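Written below as structure tokens is the structure these notes are about.
Heavy-atom basis, side chains included; hydrogens, waters and symmetry copies ignored. Predicted model, so just to flag it, every value in this text is computed and none were measured. Counting starts at 1 for both ligands and their atoms, following the listed order.
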Amino acid sequence: MNSLQNFLNRHHDDIVASVAALERDGHKCNRCGATDALEVHHIVPVHAGGTNTKENLTTLCHKCHVMIHAEERESLRREKERTAMQTVLNQHGGKSIEDWG
Ligand SMILES: [Zn+2]
Ligand SMILES: [Zn+2]
């Protein structure tokens, strides 16, 4: 019951913020200026601590929205590769013999 109410409250805030973002952006895509197939995009992803406030939302058309997520995935993949490489380097240079068991 409580969790359902919480879910509905969250959803409601999201819709209110989305409408506010659309109105602020003049119902136009912020990348290409298209006025149809509009969607709102989280500037900071929710999984990375972004909020459902209009300050964190931007209006994009479907095409630009798909594109921006593809770009994000690409930079995330590169970031992961860098992190993995750094981990290997740290293991080589940073660990003593005892640490290897
Ligand atoms: Zn998005
Ligand atoms: Zn667009």
Side-chain angles (χ1 to χ4, degrees):
M1 187 73 120
N2 262 349
S3 64
L4 177 65
Q5 195 57 52
N6 285 343
F7 173 80
L8 289 174
N9 286 345
R10 271 206 306 276
H11 202 57
H12 177 261
D13 289 350
D14 203 12
I15 291 166
V16 168
S18 300
V19 170
L22 278 167
E23 280 174 2
R24 181 202 57 206
D25 296 337
H27 292 260
K28 275 203 300 256
C29 172
N30 270 325
R31 258 167 86 113
C32 74
T35 54
D36 50 40
L38 296 176
E39 297 170 1
V40 289
H41 167 68
H42 289 89
I43 297 163
V44 179
V46 174
H47 64 80
T51 53
N52 283 327
T53 56
K54 77 171 179 194
E55 287 73 24
N56 190 41
L57 295 170
T58 188
T59 305
L60 296 172
C61 71
H62 179 71
K63 214 172 76 183
C64 291
H65 197 185
V66 168
M67 215 183 293
I68 214 163
H69 275 277
E71 286 167 8
E72 270 174 11
R73 268 196 297 276
E74 179 63 16
S75 68
L76 202 69
R77 191 180 63 78
R78 271 194 294 249
E79 188 60 42
K80 274 185 185 158
E81 275 174 10
R82 246 201 315 275
T83 307
M85 182 64 82
Q86 191 58 53
T87 304
V88 171
L89 289 173
N90 285 347
Q91 279 169 354
H92 268 273
K95 280 199 169 188
S96 67
I97 299 293
E98 291 90 81
D99 287 335
W100 292 100

For the side chain of N56 and the backbone of V44, is there at least one donor-acceptor N/O pair under 3.5 Å apart?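 Pair found, side chain donor or acceptor close to backbone of V44.
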
How many angstroms lie between atom CD of E79 and atom CD of E72, to the nearest 0.5 angstrom?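 Going from the CD atom of E79 to the CD atom of E72 covers 13.0 Å.
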
Can you tell me how far CZ of R73 sits from CD1 of I68, rounded to the nearest 0.5 angstrom?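 CZ of R73 is found 12.0 Å from CD1 of I68.
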
Determine the sole option in D13, V40, N52 for which the side-chain contact (heavy atoms from CB on, under 4.5 Å) test with S18 is passed.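 Per the side-chain contact (heavy atoms from CB on, under 4.5 Å) rule, the option paired with S18 is V40, out of D13, V40, N52.
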
The Zn ion (ligand 1): which protein N, O or S atoms are under 2.8 Å away?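 Near the Zn ion (ligand 1), the protein supplies H41 ND1, H65 NE2, H69 NE2.
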
Identify, with sequence neighbours excluded, every residue that meets ring pair (Phe, Tyr, Trp, His ring centres under 6.0 Å) alongside H69.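 Expected list: H41, H65.
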
For A17, all residues meeting side-chain contact (heavy atoms from CB on, under 4.5 Å), sequence neighbours excluded: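 Expected list: L57.
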
By the salt bridge (Lys or Arg N to Asp or Glu O under 4.0 Å) test, which pairs, at least two apart or in different chains, include something from residues 26-39?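 Applying salt bridge (Lys or Arg N to Asp or Glu O under 4.0 Å) to every pair that reaches into residues 26-39, excluding sequence neighbours, yields R31-E71.
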
Take the Zn ion (ligand 2) as the vertex and measure to SG of C32 and SG of C29; round to 10°.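 My answer is 110°, to the nearest 10°.
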
What angle, to the nearest 10°, do the atoms SG (C61) and SG (C64) form about the Zn ion (ligand 2)?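 Rounded to 10°, it measures 110°.
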
Got a sec: is H62 within less than 2.8 Å of the Zn ion (ligand 2) via an N/O/S atom?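 Coordinating: no.
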
